[in-house]
Amino acid sequence: MDISQNLEKNDRKFALPVDSEHKATEFRLFSMATPHMRAFHLSWISFFSCFVSTFAAPPLLPIIRDNLDLTATDIGNAGIAAVSGAVFARIAMGTACDLFGPRLASSSLILLTAPAVFLSAIANSPAAFLMVRFFTGFSLATFVSTQFWMSSMFSPAVVGTANGLSGGWGNLGGGATQLIMPLVYSLIHSHIGSTKFTAWRIAFFIPAVFQTLSAFAIFFLGQDMPDGNYVRLEKSGEKHKDNFSQVFYHAITNYRGWILALTYGYCFGVELTIDNIIAQYFYDRFNVNLHTAGIIAASFGLANLFSRPGGGILSDVVAKRFGMRGRLWTLWVVQMIGGFLCLLLGKVGSLTASIVVMLVFSVFVQAACGLTFGVVPFVSRRYVLSPVC
Amino acid sequence: GSIYSNSEVCESWFRFLLIESTTVSVLSFKKVIIISMEFCGGFVVGYLLFSCFAAACYGVTFSSLQKTLIVTASSPKGHDQLTVKWAFDQTFPAGTDSTYKTIRVKLCYAPLSQVDKPWRKSVDDLNKDKTCQHKIVAKPYTPSNNSFTWTIETDVPKATYFVRAYALDERQVQVGYGQNTDASKVTDLFDIRAISGRHVSLDIASVCFSVFSVVSLAVFFYMEKRKGNVTQKK
């Protein structure tokens with residue numbers, strides 16, 4: 001009698017059905033209920049804004065490369081810098097989440113990288129361009145806090161879906177930015193009348209402000225765990241305060257983390273590389289104009305709307321029947337197909353064929369990312385994401 | 001280039017069709033055959049298609065053009081203006097310029113500014129060539145006394161340039177050219193310094209917003225610490 005009364009009392013606190021850890025056992029996409037669904041929406045929107053900022057430069061490169069006198073090498077290096085900063089930032093982010101909670105960790109990172117986006121507007125040389133892209137890229141570490149937050153809020157049964165959707169819709173930013181930036185640029189250039197070399201600079205304020213506002217939203221509206229924030233829970237003794245070196249040691253000695261890091265590098269890493277070069281590829285190789293190149297490039301990233309979440313959902317569906325083995329096999333098959341399609345993309349020579357192959361390729365490579373994160377939450381019960389990301 | 005009379009075009013079309021229909025045809029050629037057959041009587045479309053193909057499909061190559069124009073470029077005031085002069089080179093036989101209808105003058109990248117920049121690559125096929133990306137002026141052709149003063153536009157990037165003028169026939173196909181530099185593009189090049197696109201107001205806004213982000217983070221940490229202390233006291 002007492003037990004069931006207690007359960008009722010706890011359940012009534014939450015809009016969604018929860019398990020013993022107060023993690024939601026259902027995922028309701030169109031709800032904004034605190035704390036679970038609100039955490040979901042805050043995390044994917046902020047992650048989306050980080051992607052928009054990190055990949056804001058590629059669609060405008062035909063203008064930027066003339067303004068800053070960039071060579072092909074400069075552009076390549078900046079692209080690498082944009083995504084490599086995130087490698088170390090993500091490791092640090094995992095630890096930060098364990099110690100400070102995803103809410104503070106992500107809003108801090110977003111606010112610390114927003115200056116890099118604002119300062120992109122005043123870059124004046126290839127070196128400056130590389131620096132701003134490098135530091136802006138650190139914001140991609142919000143992925144870790146997103147996944148961490150979802151794993152704190154959702155139970156194992158639905159964590160694949162939650163992770164896939166939040167990761168996928170965040171990655172969507174890489175596609176959306178290829179549409180947003182040329183649009184903002186042309187609005188500024190034609191309607192406000194700025195010169196080309198000024199218009200792209202002003203355009204960068206849009207992703208920067210968006211990013212800053214999302215950090216504010218996380219801080220004021222979000223909460224770390226279903227029961228509250230870390231600070232409050234730790235001080236009141238409800239949450240055990242972890243020790244950094246212990247946590248880190250356990251993370252890096254887990255061989256599963258390293259294997260997943262390798263496979264993830266070859267699906268997500270490929271996705272980021274394509275985000276960096278695809279607009280220029282179509283602009284230069286097929287002689288389409290900036291707008292068209294942006295639209296084609298956007299469709300690659302926009303497939304994330306359903307493909308990465310699809311991977312996550314597929315992982316959960318397969319797990320119901322075949323368990324972890326099913327998750328792993330599906331990941332392998334989907335990533336292999338993605339790999340073959342990537343090879344094919346380089347071989348085709350006509351515009352139409354390139355676009356078609358690119359679209360199919362995008363679905364598979366992004367689904368592989370979603371499938372990876374159907375596996376990650378199970379690497380360790382104490383759950384540190386750092387090495388994988 | 002040579003002049004085709006109307007009947008000669010039609011005749012060459014039919015010869016072309018005969019050859020093509022006896023060999024393996026690509027779909028696009030088949031389309032051309034069908035349309036041309038239907039319209040050869042009043043063969044306007046066929047003629048237009050042919051001229052499209054001449055420029056687009058067969059692609060005029062730069063190496064096939066003769067340097068029949070003399071082009072000079074100078075910057076009298078040394079600031080943001082460029083004066084270009086062009087004339088027909090009289091050392092060529094008279095009648096070479098009989099097909100010239102328009103002159104298109106363009107600003108072209110010197111080899112120095114093409115290094116490691118594949119989007120400015122020089123290619124022999126003029127449809128794929130990216131050497132000359134900025135149009136200065138297009139004027140009807142006259143053999144001499146041509147001059148134009150161009151105010152350098154704001155979107156011209158910082159680079160080393162030369163000027164090239166293409167002579168186009170009535171079908172807008174290149175039939176001759178001239179440039180103010182030599183064949184290896186090393187003499188008489190000039191530099192253009194571009195605008196940076198930066199303004200003081202932009203600089204200030206950038207820095208202010210950046211500072212605001214960092215300061216607001218500090219405020220958040222302070223607020224969070226205070227909340228923690230309040231809970232502890234409880």
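Computed from a predicted structure; not experimentally measured. So that the names make sense, note that chain A is the first sequence line, chain B the second, and so on, each numbered from 1.
When the candidates B:S216, B:A194, B:P118 are compared by the number of heavy-atom contacts under 4.5 Å with chain A, B:S216 comes out ahead. Ranked by heavy-atom pairs shorter than 4.5 Å toward chain A, the options B:C208, B:S113, B:P157 are led by B:P157. For the set B:L202, B:V214, B:V207, the count of heavy-atom pairs under 4.5 angstrom toward chain A peaks at B:L202. In terms of heavy-atom pairs under 4.5 angstrom with chain B, the leader among A:D66, A:L70, A:D69 is A:D66. Taking B:V156, B:D155, B:V115, B:I195 one by one and counting their heavy-atom pairs under 4.5 Å with chain A, the maximum is reached by B:D155.
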Query raised in the report: Between B:Y161 and B:Y109, is a ring pair (Phe, Tyr, Trp, His ring centres under 6.0 Å) present by the stated rule, with each step listed?
Result: CA-CA 5 Å; B:Y161 295 93; B:Y109 294 106; 5.2 Å; yes

Query - Derivation and outcome, salt bridge (charged side-chain N to carboxylate O under 4.0 Å, His left out), residues B:E153 and A:K196 - result: CA-CA 10 Å; B:E153 279 161 23; A:K196 280 187 179 175; over 6 Å; no

Requested in this report: Show your reasoning for whether ring pair (Phe, Tyr, Trp, His ring centres under 6.0 Å) applies to A:F138 and A:F135.
Outcome: CA-CA 5 Å; A:F138 276 52; A:F135 287 111; 5.7 Å; yes

Query - Derivation and outcome, salt bridge (charged side-chain N to carboxylate O under 4.0 Å, His left out), residues B:R164 and B:D188 - result: CA-CA 12 Å; B:R164 183 183 286 170; B:D188 288 326; over 6 Å; no

Query raised in the report: Is there a ring pair (Phe, Tyr, Trp, His ring centres under 6.0 Å) between B:F162 and B:F190 once you walk through the steps?
Result: CA-CA 7 Å; B:F162 64 95; B:F190 52 93; 8.6 Å; no

Report task. Could you walk me through whether A:F220 and B:F220 pass ring pair (Phe, Tyr, Trp, His ring centres under 6.0 Å), step by step? Result -> CA-CA 9 Å; A:F220 289 112; B:F220 287 174; 5.3 Å; yes

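Proximity to chain A is absent for every atom of B:V211, based on heavy atoms less than 4.5 angstrom apart. With a 4.5 angstrom heavy-atom cutoff, A:T73 touches chain B via backbone and side-chain atoms both. Contact annotation for B:K121: neither backbone nor side-chain heavy atoms come within less than 4.5 Å of a heavy atom of chain A. Contacts between A:V117 and chain B at a heavy-atom distance below 4.5 Å are absent for every atom of the residue. With a threshold of 4.5 angstrom between heavy atoms, A:F204 does not approach chain B through any atom at all. Proximity to chain A involves both the backbone and the side chain of B:A205, based on heavy atoms less than 4.5 angstrom apart.
Between B:Y166 and B:V175 the shortest side-chain heavy-atom distance does not fall below 4.5 Å.
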